[in-house]
Every structure is written in C-alpha cells, then in structure tokens.
Protein chains: 2
Amino acid sequence: MKITSQEEYGLRCLLRLACAEGQAATLPEIAAAEGLSVPYVAKLFGVLRQAGLIDSIRGRSGGYRLVKPPEEIGLGSLLLVLGEPLFDEPTYCQKHAGNAEDGNCVRHGDCSLRALWQTLEQWVRGSLDQITLADLLRKETRITELVRSRLSQTIFADSGPLISLTPLTR
Amino acid sequence: MKITSQEEYGLRCLLRLACAEGQAATLPEIAAAEGLSVPYVAKLFGVLRQAGLIDSIRGRSGGYRLVKPPEEIGLGSLLLVLGEPLFDEPTYCQKHAGNAEDGNCVRHGDCSLRALWQTLEQWVRGSLDQITLADLLRKETRITELVRSRLSQTIFADSGPLISLTPLTR
DNA sequence: TCGAATCTTGACGAAAAAGTATAGATTCGT
DNA sequence: ACGAATCTATACTTTTTCGTCAAGATTCGA
C-alpha cells in the first residue's frame with residue numbers, strides 16, 4: 001500500500017498550477033519548480049488533461065490552467081485519476097495468480113477480502129475528498145483537525161458488504 | 001495507492017494459518033488452498049517469519065504456526081510487515097526525482113505533502129489495526145460496522161503536523 | 001510568412017516488483 | 001541409518017512501472 005510516483009508528482013504539479021491562479025503555467029515552468037524533467041511533467045499533464053481536470057492552451061504563449069477552482073478539487077478523486085484504486089474491482093479475481101483452471105476464484109468461499117478492500121477504499125477515498133487543493137494551498141493548515149471537522153458526515157453510512165470465510169480443508 | 005500482491009497474498013495465507021487453530025499447516029497445504037505455487041508461499045512465509053509473526057517447524061511433520069492468537073494481530077501492522085508504508089519517511093526526499101544538485105529537496109518550501117501522507121498513513125494504519133485476523137475469520141461480519149464501533153477511539157487525537165507552502169515563483 | 005515556443009503522442013530503455021526454479025538444510029518415521 | 005517430507009536461501013526470469021527520448025502539431029509574434 002503505497003503512494004505511487006504518478007500520484008505524488010501529479011498532485012505536486014497540480015498544486016503548482018493552483019498557485020498560478022488562473023494564469024496559464026507552462027511545462028518548463030512547472031518542471032523547473034518541481035525539479036522534474038519537462039517530458040515527464042508533460043506526461044503527467046496528459047493524464048490530467050484527458051481526465052478533464054486541466055485545460056491546455058497550445059502555441060506560443062500557451063500553457064495549462066485548472067478547469068475548476070481548487071476549492072472544488074478533492075484529493076480522493078484526484079488521486080484516483082492519477083493512480084489506480086486500492087483494489088481493482090473488475091480484474092480482481094482474474095489478474096492475479098491463485099485461480100483454478102476454469103478461471104474462477106479459488107479463494108475463501110466468496111472472495112471475502114474483497115469486502116475489506118472495498119470498505120477501505122471507499123473510506124480513504126471519501127475522507128481524502130474532504131480535503132481540497134485549496135486546503136493544501138492555505139498555509140498552516142492542521143490536516144488532522146481539518147479532516148476531523150469535515151468528517152462528521154456519513155462515510156460509514158451505507159450498510160457495507162459481508163465477510164464470510166469457508167474453513168481451511170487440510 | 002494500491003494493495004500490493006505481497007500484502008494481498010500474505011494476508012490470505014496468514015488467514016489460512018489462523019484457520020488451522022494452533023495446528024501447524026504446511027507450505028503445500030496453504031499453497032493448494034490459495035492456488036499459489038509452493039515456492040511463492042515459501043517466500044511470503046519467509047517474510048512473515050522473519051517479522052516474528054509465525055513460527056516454523058522444520059523436518060518431517062513440520063509446518064507453520066501463528067505465534068500470537070489471531071485476536072492480537074491487527075491488520076495495520078500486518079500489512080506493514082508485508083509491504084511498505086504509504087509513504088516512506090527516510091527515503092522520501094532522496095529517492096525520487098525532483099531534487100536539486102546538492103541532494104536537497106527542491107520542493108515546496110518544507111516538503112509540505114509529507115504532512116498529508118503522514119497523517120493519512122497514521123490514520124489508515126490505526127484504523128486497520130482496529131480489525132484483527134480473528135475478525136476476518138468470523139463469518140458474517142459487517143466490516144463497516146465493526147470498524148465504526150471500534151473507531152470511537154482517538155485516532156485523530158494527537159495534534160498533527162502543519163502544512164505550509166511557499167508560492168510558486170515564475 | 002517564418003521561426004520560436006509551446007503542447008501531443010507513441011516508442012523506447014531502465015528500474016522495480018512479482019513470481020519461479022533450484023539446490024540445500026533439518027527432522028521424523030521406519 | 002536412510003529416505004521422505006518439510007523448511008530455507010539465493011539466483012533467475014518475467015512482468016509492470018517509471019521516466020526519457022524523439023518526432024510531430026499548433027499558435028503567436030515580428
């Protein structure tokens with residue numbers, strides 16, 4: 001369970017854009033500010049652009065701009081654009097090893113850990129979405145308090161999935 | 001932000017051990033139960049053993065056993081043994097790209113995102129530790145309720161770190 | 001219109017992670 | 001004592017991720 005490079009740097013670069021306040025910032029500027037290579041930032045911004053988070057202006061005095069104000073960009077959804085979910089639903093029971101010949105999931109009865117990951121994902125994502133880019137730009141923000149104050153909402157509200165295991169046969 | 005293979009499979013295999021209730025389970029048994037190769041499970045159990053979570057008995061009727069009862073194994077610490085933390089403190093400012101020639105962190109003033117990741121890490125880890133292996137073994141557990149009921153504790157209690165950013169210079 | 005500055009895209013190589021293979025060490029049962 | 005069943009350790013191959021490179025497309029300014 002790790003923050004990927006793309007998540008980390010994508011977020012950093014987007015923060016730089018957010019600092020620019022409407023003014024378009026260019027790849028070389030951002031790259032220099034973060035100490036990254038220009039092509040790498042270009043790749044990251046490609047992802048962000050195709051996700052509709054930023055706008056690009058081509059040509060001589062071009063650059064990138066945020067589409068929405070920083071107040072409306074939650075970290076949960078942002079990180080989801082830059083990386084994968086904690087747990088990749090559609091491929092979960094196929095892609096890894098540990099499947100029977102017929103391709104079915106060989107695991108504890110009904111793939112029970114799935115429920116755990118789903119809950120965790122929903123929860124982390126939801127919590128992160130309570131923090132916006134704008135929050136990260138304000139100096140001297142106490143994150144813990146920030147989140148706590150915004151987390152009185154119903155993250156656990158829905159009735160989650162069940163876990164059940166079948167016993168190990170020896 | 002993703003669950004790594006080692007975390008997923010390590011947890012699954014450990015669950016199998018927990019099912020065995022004190023009886024030693026062998027590599028071939030576990031591997032067959034999870035549909036994994038024997039050497040792979042061996043590797044995973046190597047990690048778990050060196051972390052002191054399981055005991056190995058060598059020789060003819062050997063196998064592996066949990067050192068502690070499942071009630072005392074929290075998922076947070078377990079996953080930490082199997083994978084890396086969300087955010088790798090000591091290497092954070094060196095290992096990635098984006099550093100100045102002198103090796104110092106080139107980032108926003110005082111490496112501000114660090115505070116975010118630390119808070120998140122602490123928080124996810126702490127929450128996961130409220131769930132034990134034993135909880136996952138009980139059939140029909142509603143994870144969301146489980147966590148909520150155990151989370152009235154002071155996960156947010158300590159005063160977290162500050163965030164601060166220096167403005168983008170163009 | 002030309003050229004410089006910019007974004008866009010896909011292919012490529014390097015590094016890390018995942019999983020396998022193999023040889024070896026230990027113990028038990030007969 | 002021997003052999004079968006087990007764990008242990010290391011090296012290897014494959015796959016994925018990371019980051020770079022190079023060629024192309026677009027726009028502005030002079």
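Chain naming here is simple, since letters A, B, ... match the order of the sequence lines and numbering starts at 1 in each. Quick caveat, the model's predicted, so the values are computed rather than measured.
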Which is it for A:L11 and A:L133 under the side chain to side chain contact (heavy atoms under 4.5 Å, CB included) test, yes or no, and what are the steps along the way?
CA-CA 9 Å; A:L11 171 53; A:L133 275 195; 3.8 Å; yes

Residue list, salt bridge (Lys or Arg N to Asp or Glu O under 4.0 Å) with A:R65, at least two apart or on another chain:
A:D55

Rounded to the nearest Å, what distance is computed from the CG atom of residue A:D55 to the C1' atom of nucleotide D:dT26?
15 Å

Whether each nucleotide of nucleotides 6-18 of chain C has a protein heavy atom under 4.0 Å at its base (B), only at its sugar-phosphate (S) or at neither (-) is summarised, 5' to 3', as BBBS-------SS

Which residues satisfy the side chain to side chain donor-acceptor pair (under 3.5 Å) test with A:S61, sequence neighbours excluded?
none

On the nucleotide D:dG19, are OP1 or OP2 found under 4.0 Å from the side-chain N or O atoms that A:S37 carries?
no

Just how far, in rounded Å, is C1' of C:dG19 from CG of B:L44?
10 Å

Taking CD from A:E8 and P from D:dG19, how many angstroms apart are they, rounded to a whole number?
11 Å

According to ring pair (Phe, Tyr, Trp, His ring centres under 6.0 Å), does anything in residues 44-80 of chain A pair up with another residue at least two apart or in another chain? List the pairs.
A:F45-A:Y64

Residues in salt bridge (Lys or Arg N to Asp or Glu O under 4.0 Å) with B:E7, at least two apart?
none

Taken in chain and number order and not counting sequence neighbours, the residues that satisfy side chain to side chain donor-acceptor pair (under 3.5 Å) with B:S77 are B:D129

